[in-house]
Amino acid sequence: MKLSELMEEIELFSPYHDCEVREIRNNSKLIEPGDLYVAIPGTNVDGHQFVADALKRGACGVVVSRDMGVQRQLLVKDTKKAYALLCAAFFGYPSRKLKLIGVTGTNGKTSTTTIIKHILETAGLKTGLIGTIQIEYGDVVKPNPNTTPDAYMFQKTLKEMEEAGCQYVVSEISSHALAQDRIYGCAFEVCAFTNLTQDHLDYHKDMEDYFQAKKKLFSMGNINVVNIHDPYGKRLAEELPDRPVTFSVSDPEADFYASDMECTASSVQFRMTSDGITSKVTFAIPGLYSVENALTAISICTVLGISMQTVISALAEVKGVRGRCEIIYSNDRYMVVCDYAHTPDGIENILQSLKAVAKGRVVALFGCGGDRDRTKRPLMAKACEKYADFIIVTSDNPRSEDPEAIIADILPGFSKKAEYVKYTDRTEAIRYAMEHARQDDIIVLLGKGHETYQVLKDETIHYDEREVVAQIAEKID
Ligand SMILES: CC(=O)N[C@H]1[C@@H](OP(=O)(O)OP(=O)(O)OC[C@H]2O[C@@H](n3ccc(=O)[nH]c3=O)[C@H](O)[C@@H]2O)O[C@H](CO)[C@@H](O)[C@@H]1O[C@H](C)C(=O)N[C@@H](C)C(=O)N[C@H](CCC(=O)O)C(=O)O
Ligand SMILES: Nc1ncnc2c1ncn2[C@@H]1O[C@H](COP(=O)(O)OP(=O)(O)OP(=O)(O)O)[C@@H](O)[C@H]1O
Ligand SMILES: N[C@H](CCC[C@H](N)C(=O)O)C(=O)O
Ligand SMILES: [Mg+2]
């Protein structure tokens with residue numbers, strides 16, 4: 001593609017010679033002759049350091065935000081935004097040809113996007129999905145290294161989905177993606193906000209910074225949908241220039257209002273009022289927060305024009321979301337649930353929901369991710385203690401950190417009354433939980449959800465809790 005075509009929507013502050021661009025790259029190490037290099041200031045290094053390297057490797061141009069005094073430089077105001085726009089142009093602005101739905105918030109993105117895809121497909125609309133678990137469209141399933149991929153992969157994926165005949169794409173939008181402008185310039189049909197509670201304070205300066213990153217999404221779409229039961233959602237709705245579509249489990253003034261919630265061990269039922277009409281909704285994922293996820297999906301699909309009847313009957317067919325409150329083993333004595341809660345709020349919600357329906361004890365097993373928000377560690381312990389009868393502290397992707405040091409950050413979160421044991425090795429911890437299970441216990445394995453790996457200092461090993469539990473059960477039950 002011609003450089004001039006790629007640059008059509010980017011303000012340029014330097015002259016340039018037109019040329020044919022082979023690929024767009026933000027990593028100098030991948031540059032081959034004819035590629036365009038975009039210098040991005042990152043978390044570890046500033047890509048401007050590698051401009052000379054990129055030119056040496058044959059870059060046809062280098063996109064920079066300050067004068068580097070080199071040949072073939074293209075001076076722009078902001079290289080992250082320019083990179084996103086260049087990638088969009090390179091793939092023919094696919095977001096303008098599809099109906100793109102973006103869901104952001106601390107918790108519930110994977111759950112709601114999965115449900116939305118199911119509803120849209122039930123309504124006969126071919127839909128692509130981009131999220132934490134994977135990328136999906138038609139029969140194609142692809143791994144996704146990040147919840148929201150980098151701009152190049154995001155635009156490339158949209159293009160593939162467009163070519164495969166998708167009319168809709170629903171994507172999780174992480175705060176990292178918003179802060180890094182990975183999706184800058186995308187045209188969204190609907191943008192939705194689930195909730196905001198503590199996470200990622202290793203990356204964001206504070207909760208305000210985290211909120212401002214999330215807020216960026218809400219100037220990019222035609223229709224905004226916001227959970228006004230959540231305090232940050234309420235604030236967002238007040239701050240947006242145009243009134244968004246709202247939903248709530250507590251405010252009858254919301255456009256979509258859920259009431260009369262009833263929870264069982266395997267589902268939720270509630271009444272949903274919108275436009276003066278009340279409908280009964282059944283959804284087979286337990287937990288009060290599940291009502292909010294169902295409401296998010298109902299609001300989005302309804303504003304897209306799907307009939308309420310179709311939405312509600314499609315919701316009733318949802319079987320569950322992998323690794324989200326998924327029962328992975330049960331016998332006459334106890335059951336083992338696998339869940340992805342990895343924030344204080346997520347843990348509190350899942351344990352509260354299970355406690356409300358448990359006949360026996362709720363036994364929670366958790367660890368905290370290494371190289372992630374350290375301040376959430378004691379808060380996750382506190383959240384566990386609030387609703388679990390017994391806790392097993394263990395490891396969850398220690399990454400470059402010492403697993404014992406992570407646990408040392410967790411333990412001060414417990415009160416003196418807390419009943420817990422510590423098994424640093426996750427398999428040992430799960431074995432302990434299963435060996436000591438009592439009649440009617442619910443053992444909840446938190447944090448790994450759909451993951452099939454454990455990230456250690458020097459390697460990533462295969463680790464699937466479904467397999468681990470099955471192997472232990474075979475030996476002990
Ligand atoms: C903290 C973070 O988000 N980092 C992301 C970011 O990398 P970075 O800013 O650290 O990059 P950097 O190493 O400083 O390098 C800056 C630039 O110099 C370039 N470079 C570097 C070296 C060189 O020799 N030549 C060169 O050109 C790099 O390619 C880059 O463009 O940009 C990269 C490319 O897009 C991402 O892969 C990377 O994600 C890392 C792997 C990551 O783990 N991110 C996680 C935290 C994340 O994004 N998570 C969210 C969801 C979390 C959740 O909701 O739970 C997600 O969306 O997945
Ligand atoms: N609406 C919600 N409110 C609070 N907690 C929730 C909600 N939905 C799900 N959870 C809890 O959070 C966990 C993660 O849910 P989910 O994977 O849907 O969130 P996510 O926003 O995609 O997370 P991530 O940031 O890792 O992508 C679930 O396993 C559940 O315990
Ligand atoms: N995608 C999120 C959640 C990971 C959950 C947990 N398994 C962990 O490693 O902390 C992250 O990378 O922060
Ligand atoms: Mg997710």
Side-chain angles (χ1 to χ4, degrees), residues 25-31 37-51 53-54 57 59 62 79-80 83-84 103-115 130-134 144-154 171-183 194-197 199-200 202-204 210 214 227 229-230 249 285-297 321-326 337-354 369 371-373 383 399 444-451 455:
R25 305 276 190 203
N26 66 359
N27 187 341
S28 63
K29 291 185 199 136
L30 303 176
I31 292 283
Y37 176 68
V38 187
I40 308 246
T43 326
N44 304 310
V45 284
D46 184 346
H48 287 82
Q49 285 176 31
F50 309 105
V51 158
D53 181 36
R57 289 170 192 260
V62 287
T79 51
K80 281 189 216 164
Y83 177 65
V103 179
T104 199
T106 306
N107 288 311
K109 299 183 296 297
T110 299
S111 307
T112 49
T113 50
T114 307
I115 305 162
I130 302 174
T132 312
I133 301 183
Q134 57 202 17
N144 188 8
N146 283 113
T147 287
T148 312
D150 121 283
Y152 185 92
M153 186 172 168
F154 194 77
S171 177
E172 291 183 48
I173 308 293
S174 66
S175 60
H176 292 78
L178 287 158
Q180 292 164 24
D181 286 320
R182 291 181 201 163
I183 48 138
T194 61
N195 49 58
L196 192 82
T197 58
D199 201 6
H200 305 309
D202 53 322
Y203 184 75
H204 300 289
Y210 184 26
K214 294 276 184 205
N227 177 8
H229 174 67
D230 180 85
V249 292
I285 303 183
L288 263 184
Y289 62 85
S290 218
V291 175
E292 295 199 320
N293 292 345
L295 264 189
T296 317
V321 180
R322 189 168 169 79
R324 275 62 182 170
C325 201
E326 178 188 345
V337 171
C338 168
D339 187 77
Y340 199 48
H342 53 268
T343 66
D345 183 60
I347 290 180
E348 188 169 328
N349 282 313
I350 175 82
L351 295 183
Q352 181 186 25
S353 301
L354 292 173
D371 303 336
R372 295 284 185 271
D373 185 354
R399 301 190 176 88
V444 201
L445 310 181
L446 296 161
K448 295 213 75 67
H450 61 281
E451 291 179 359
V455 189

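For ligands, and for the atoms within them, numbers begin at 1 and follow the listed sequence. All values reported here derive from a predicted model rather than from experimental measurement.
- Within ligand 2, counting atoms from 1 as listed, the ones closer than 4.0 Å to a heavy atom of Lys109 are 18 (O), 19 (O), 20 (P), 21 (O), 22 (O), 23 (O), 24 (P), 25 (O), 27 (O).
- Counting protein heavy atoms under 4.0 angstrom from atom 33 (C) of ligand 1 gives zero.
- For Val45, a nitrogen or oxygen atom sits less than 3.5 Å from a nitrogen or oxygen atom of ligand 1, counting backbone and side chain alike.
- In terms of polar-atom proximity, defined here as any N/O pair under 3.5 Å, Arg182 does make such a contact with ligand 1.
- Considering backbone and side-chain atoms together, Asp345 places no N or O closer than 3.5 Å to any N or O of ligand 2.
- Taking atom 13 (O) of ligand 1 as the reference point, the nearest protein heavy-atom neighbour is Asn44 ND2, 3.1 Å.
- A side-chain contact (heavy atoms from CB on, under 4.5 Å) with Ser290 is found for one member of Ile285, Asn349, Ile350, Val321 and no other, namely Ile285.
- Every N/O-N/O distance between Asp199 and ligand 1 stays at or above 3.5 Å.
- Distance from atom 12 (O) of ligand 2 to its nearest protein heavy atom, with residue and atom name: Asn107 OD1, 3.5 Å.
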- prompt: Taking it one step at a time, do Ile183 and Phe154 satisfy side-chain contact (heavy atoms from CB on, under 4.5 Å)?
  reply: CA-CA 8 Å; Ile183 48 138; Phe154 194 77; 3.7 Å; yes
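- At least one N or O atom of Thr148 sits closer than 3.5 Å to an N or O atom of ligand 1.
- The nearest heavy-atom contact from the protein to atom 26 (C) of ligand 1 is Phe50 CD1, 3.3 Å.
- For atom 26 (O) of ligand 2, the closest heavy atom belonging to the protein is His342 CE1, 3.0 Å.
- Among protein heavy atoms, the minimum distance from atom 35 (O) of ligand 1 is reached at Asp150 CB, 3.2 Å.
- Nearest protein heavy-atom neighbour of atom 5 (C) of ligand 1: Gln180 OE1, 3.8 Å.
- No side-chain heavy atom of Arg57 sits less than 4.5 Å from a side-chain heavy atom of Phe50.
- What sits closest to atom 11 (C) of ligand 2 on the protein, heavy atoms only, is Gly346 CA, 4.2 Å.
- Counting only heavy atoms from C-beta outward, the side chains of Val38 and Thr79 approach each other to under 4.5 Å.
- The presence of a protein heavy atom under 4.0 Å from atom 22 (C) of ligand 1 is confirmed.
- The residue among Val444, Asp339, Ile173, Leu351 with a heavy atom at the shortest distance from atom 28 (C) of ligand 2 is Asp339.
- Within the listing of ligand 2, atoms 21 (O), 23 (O), 25 (O) sit less than 4.0 angstrom from a heavy atom of Thr106.
- Looking at Arg399 and Arg372, their side chains come closer than 4.5 Å, going by heavy atoms from C-beta outward.
- Near Thr147, with a cut-off below 4.0 Å to any heavy atom, the atoms of ligand 2 are 27 (O).
- Counting heavy atoms closer than 4.0 Å to ligand 1, residue Ser174 contributes side-chain atoms (C-beta onward) but none from N, CA, C or O.
- Of the candidates Thr104, Thr43, Asp371, Ile40, Thr43 brings a heavy atom nearest to atom 10 (O) of ligand 1.
- The protein heavy atom nearest to atom 18 (O) of ligand 2 is Ser111 OG, 2.6 Å.
- Numbered from 1 in the order shown, with element, the atoms of ligand 2 that lie under 4.0 Å from a heavy atom of Glu172 read 22 (O), 27 (O).
- Shortest non-hydrogen contact noted between Tyr37 and Gly47 is OH-O, 2.8 Å.
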Next item on the list: Could you please spell out the steps behind the side chain to side chain donor-acceptor pair (under 3.5 Å) verdict for His204 and Ser175?
Entry: CA-CA 9 Å; His204 300 289; Ser175 60; 2.8 Å; yes
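- Between Arg372, Arg399, His176, Arg25, it is Arg372 that holds the heavy atom closest to atom 43 (O) of ligand 1.
- Ranking protein heavy atoms by distance to atom 19 (C) of ligand 1, first place goes to Asn26 O, 3.4 Å.
- Considering backbone and side-chain atoms alike, Glu292 places every N or O at 3.5 Å or more from each N or O of ligand 2.
- Less than 2.8 Å away from the Mg ion (ligand 4), the protein contributes these N/O/S atoms: Thr110 OG1, Thr132 OG1, Glu172 OE1.
- For atom 37 (O) of ligand 1, the nearest non-hydrogen atom of the protein is Asn146 OD1, 3.7 Å.
- Nearest protein heavy-atom neighbour of atom 54 (O) of ligand 1: His200 NE2, 3.4 Å.
- With a 4.5 Å cut-off on side-chain heavy atoms, Asn144 and Met153 count as touching.
- Put simply, the residue from Thr104, Thr112, Thr110 that forms a side-chain hydrogen bond (donor to acceptor under 3.5 Å, both in side chains) with Glu172 is Thr110.
- Polar contact check, Tyr203 against ligand 1: no nitrogen or oxygen pair lies under 3.5 Å apart.
- The N/O atoms of Gly108, backbone and side chain alike, include one that comes under 3.5 Å of an N/O atom in ligand 2.
- From the protein, the heavy atom lying nearest to atom 7 (C) of ligand 2 is Tyr289 CD1, 3.4 Å.
- Between atom 27 (O) of ligand 2 and the options Thr148, Thr132, Asn195, the minimum heavy-atom separation is to Thr132.
- Contact between Thr194 and Gly105 at its shortest, heavy atoms only, is OG1-CA, 3.2 Å.
- Here is the list of ligand 2 atoms found below 4.0 Å of a heavy atom in Ala341: 13 (C), 29 (O), 31 (O).
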- [ ] Could you check Lys448 against His342 for side-chain contact (heavy atoms from CB on, under 4.5 Å), going step by step and ending with a plain yes or no?
- [x] CA-CA 8 Å; Lys448 295 213 75 67; His342 53 268; over 6 Å; no
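- Among protein heavy atoms, atom 1 (N) of ligand 2 sits closest to Asn293 OD1, 2.8 Å.
- For atom 27 (O) of ligand 1, the nearest non-hydrogen atom of the protein is Ser28 N, 2.7 Å.
- Side chains of Tyr210 and Asp199 form a contact here, defined as non-hydrogen atoms less than 4.5 Å apart.
- With 3.5 Å as the limit, one finds a donor-acceptor pair spanning the side chains of Asp150 and Tyr83.
- When all heavy atoms are compared, the tightest approach of His200 to Asp373 is N-OD2, 3.6 Å.
- The minimum heavy-atom distance linking Cys325 with Leu354 is given by the pair SG-CD2, 4.3 Å.
- Distances from atom 4 (C) of ligand 2 to the heavy atoms of Thr197, Asn146, Asn349 show the closest one on Asn349.
- Counting heavy atoms under 4.0 Å from ligand 1, residue Gln49 does not touch it at all.
- Across every non-hydrogen atom of Asn107 and Gly346, the tightest pair is ND2-N, 3.6 Å.
- No donor-acceptor contact under 3.5 angstrom links the side chains of Asn146 and Ser174, judged on distance only.
- Judged purely by atom type and a 3.5 angstrom limit, Glu326 uses its side chain to pair as donor or acceptor with the backbone of Gly323.
- Residue Asp46 comes nearest to Pro41 through the heavy atom pair OD1-CA, 3.6 Å, listed as atom of the first residue, atom of the second, then distance.
- Atom 41 (C) of ligand 1 is not flagged as protein-proximal [any protein heavy atom, distance under 4.0 Å].
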